[in-house]
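Everything numeric in this text was worked out from a predicted model, so none of it was measured. Proteins come first, then strands; the chains are lettered A, B, ... in the order of their sequence lines, and each starts at number 1. The figures that follow rest on heavy atoms only: side chains count, while hydrogens, waters and symmetry mates do not.
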Protein chains: 2
Amino acid sequence: MTSSLGYAILGLLARGPLTGYDLAQRLRTPVGYFWTARHSQIYTELARLEKDRLVRHAVVPGPGPRDNKRYTVTARGRRSLRDWVVTPPASAPPKNELLLRVYSVWLADPRQAREMLVAEQAKHLDTLGAFEQIAARNADAEGHPDEPSFGDLATVQAGVGYERFTIAWLGWLLDHLPE
Amino acid sequence: MTSSLGYAILGLLARGPLTGYDLAQRLRTPVGYFWTARHSQIYTELARLEKDRLVRHAVVPGPGPRDNKRYTVTARGRRSLRDWVVTPPASAPPKNELLLRVYSVWLADPRQAREMLVAEQAKHLDTLGAFEQIAARNADAEGHPDEPSFGDLATVQAGVGYERFTIAWLGWLLDHLPE
DNA sequence: CGGTCCATGTAAGATGTTACATGATTGG
DNA sequence: CCAATCATGTAACATCTTACATGGACCG
């Protein structure tokens with residue numbers, strides 16, 4: 001019954017207790033590189049997870065006007081996550097706006113198309129640089145597949161590979177467009 | 001105001017007239033590799049596009065019980081698509097269930113994790129084979145960036161690259177998990 | 001004293017999925 | 001004769017985004 005977002009939250013809480021606000025930040029970086037959600041969705045999902053007894057919270061006084069809710073995974077939640085991790089992922093419907101544009105690039109003005117694709121390549125080069133730095137910082141997790149940082153390293157390795165392939169593909173495309 | 005799905009439909013109709021049913025098929029294959037939609041969404045989107053005068057339909061008697069609606073792009077629709085193709089894509093929130101699982105793979109049973117990842121790699125190897133065949137069939141579009149088949153070739157090249165990178169990354173992962 | 005960060009929530013709307021509804025033709 | 005294909009549409013539901021709402025602490 002738990003949604004993917006629910007497992008994203010459980011995956012973060014399995015590494016340590018967090019508030020809804022903390023979760024929202026991590027669902028921008030670093031989990032945001034492969035799964036995102038807004039705070040509005042996170043708070044409602046936390047309520048659902050708590051109803052199912054997969055997480056629980058303790059109220060701690062915070063600096064702001066309202067108390068913080070510090071969430072932790074329950075044993076049940078950890079078991080549920082552990083089981084889900086090894087289930088085959090449902091192939092989600094791919095959505096790629098860049099590919100959708102390239103599918104119709106044949107009828108575009110080549111000069112404008114090149115401009116857009118060059119800008120896109122620059123963005124991916126930036127992201128690649130950022131990912132490579134993160135990968136370097138996490139390199140020592142390589143021999144420890146039973147520690148949380150291995151999850152960080154493995155996913156950022158995917159990011160590095162993805163950016164490299166995208167940059168190369170955009171290079172191929174630019175080589176084949178006139179001007 | 002037009003949605004990405006709207007441009008997916010325009011991109012298909014720019015290659016020739018199609019019915020809603022035809023569109024639904026192509027939004028499974030080949031456009032389905034980077035953008036999908038169900039027929040229920042397509043019919044409502046076609047109505048919206050027609051209201052905005054980006055497409056128009058002619059009723060032709062079909063083999064089934066109800067008449068077919070043969071849709072074509074209007075000049076306005078073609079212009080709209082042409083402009084959209086070269087606009088920078090809004091970076092969509094990434095959603096990758098496999099990466100979400102790998103982020104928590106450190107707490108899974110390594111044997112079960114390996115099993116899932118090997119199965120995943122096999123799926124991607126299959127897809128790669130299929131993409132490579134399509135790429136070979138479309139190879140002659142390489143020198144014709146102003147023809148529709150160039151869009152087919154460019155997008156399938158992206159598919160080939162993506163599958164190769166994913167297979168390599170899964171190989172790296174399997175090399176680092178015990179057993 | 002104005003903006004950003006911390007911190008949690010609700011509500012309205014857009015988007016997308018699943019299910020319901022109909023019915024003729026073709027191939028095994 | 002049964003299943004799949006052709007062919008179009010509506011309705012209910014789930015999911016996700018954007019906007020609304022509140023308010024203290026801290027920095028410049």
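- The distance from atom CZ of A:R38 to atom P of C:dG13 is 19 Å, rounded to the nearest whole Å.
- Regarding contacts with the backbone of C:dT8, a side-chain N or O of A:Y43 is found under 4.0 angstrom from either OP1 or OP2.
- Distances shown here put every side-chain N or O of B:Y21 at or beyond 4.0 Å from the OP1 or OP2 atom of D:dT8.
- Ring centers of A:F131 and A:Y162: at least 6.0 Å apart, outside the cut-off.
- Between the CG atom of A:L5 and the C1' atom of C:dG16 there is a distance of 17 Å, rounded to whole Å.
- In this entry the distance linking CD of A:E45 with P of D:dA14 reads 13 Å, nearest Å.
- In terms of phosphate contacts, B:K69 brings a side-chain nitrogen or oxygen within less than 4.0 Å of OP1 or OP2 of D:dG9.
- Rounding to whole angstrom units, CZ of residue A:R70 and C1' of C:dC6 are separated by 17 Å.
- What separates NE2 of A:H39 from C1' of C:dG9 is a distance of 7 Å, to the nearest Å.
- For B:R15, the CZ atom is densely surrounded, since the number of other residues' heavy atoms within 6.0 Å is greater than 12.
- Here A:T44 does not reach the OP1 or OP2 of C:dG9: none of its side-chain N or O atoms lies under 4.0 Å away.
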ask   = Going through the checks in order, is the salt bridge (Lys or Arg N to Asp or Glu O under 4.0 Å) test met by A:E50 and A:K69?
value = CA-CA 12 Å; A:E50 190 150 44; A:K69 295 186 176 177; over 6 Å; no
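- Comparing B:Y71 and A:S3 by the nucleotide of DNA chain D whose heavy atom lies nearest to each, the residue mapping closer to the 5' end is B:Y71.
- In this structure, A:L27 atom CG and D:dC16 atom C1' are separated by 13 Å, rounded to whole Å.
- Counting heavy atoms of neighbouring residues, nucleotides and ligands inside a 6.0 Å radius, atom CZ of B:R114 exceeds 12 of them.
- The phosphate of C:dT18 has neither OP1 nor OP2 within less than 4.0 Å of any side-chain N or O from B:Q41.
- The shortest distance between side-chain heavy atoms of A:H176 and B:E142 falls below 4.5 Å.
- A straight line from NZ of A:K95 to C1' of C:dA14 spans 13 Å, rounded to a whole angstrom.
- Note on A:T19: a side-chain N or O is less than 4.0 Å away from OP1 or OP2 of C:dT8.
- When the side-chain nitrogen and oxygen atoms of B:R48 are compared with OP1 and OP2 of C:dA14, none of them lie within a distance under 4.0 Å.
- Below the 3.5 angstrom threshold, one finds a donor paired with an acceptor across the side chain of A:S40 and the base of D:dT18.
- Taking 4.0 angstrom as the limit, A:Q25 places a side-chain polar atom (N or O) nearer than this to OP1 or OP2 of C:dC6.
- The CG atom of B:D22 sits 9 Å away from the P atom of D:dC6 (whole-angstrom rounding).
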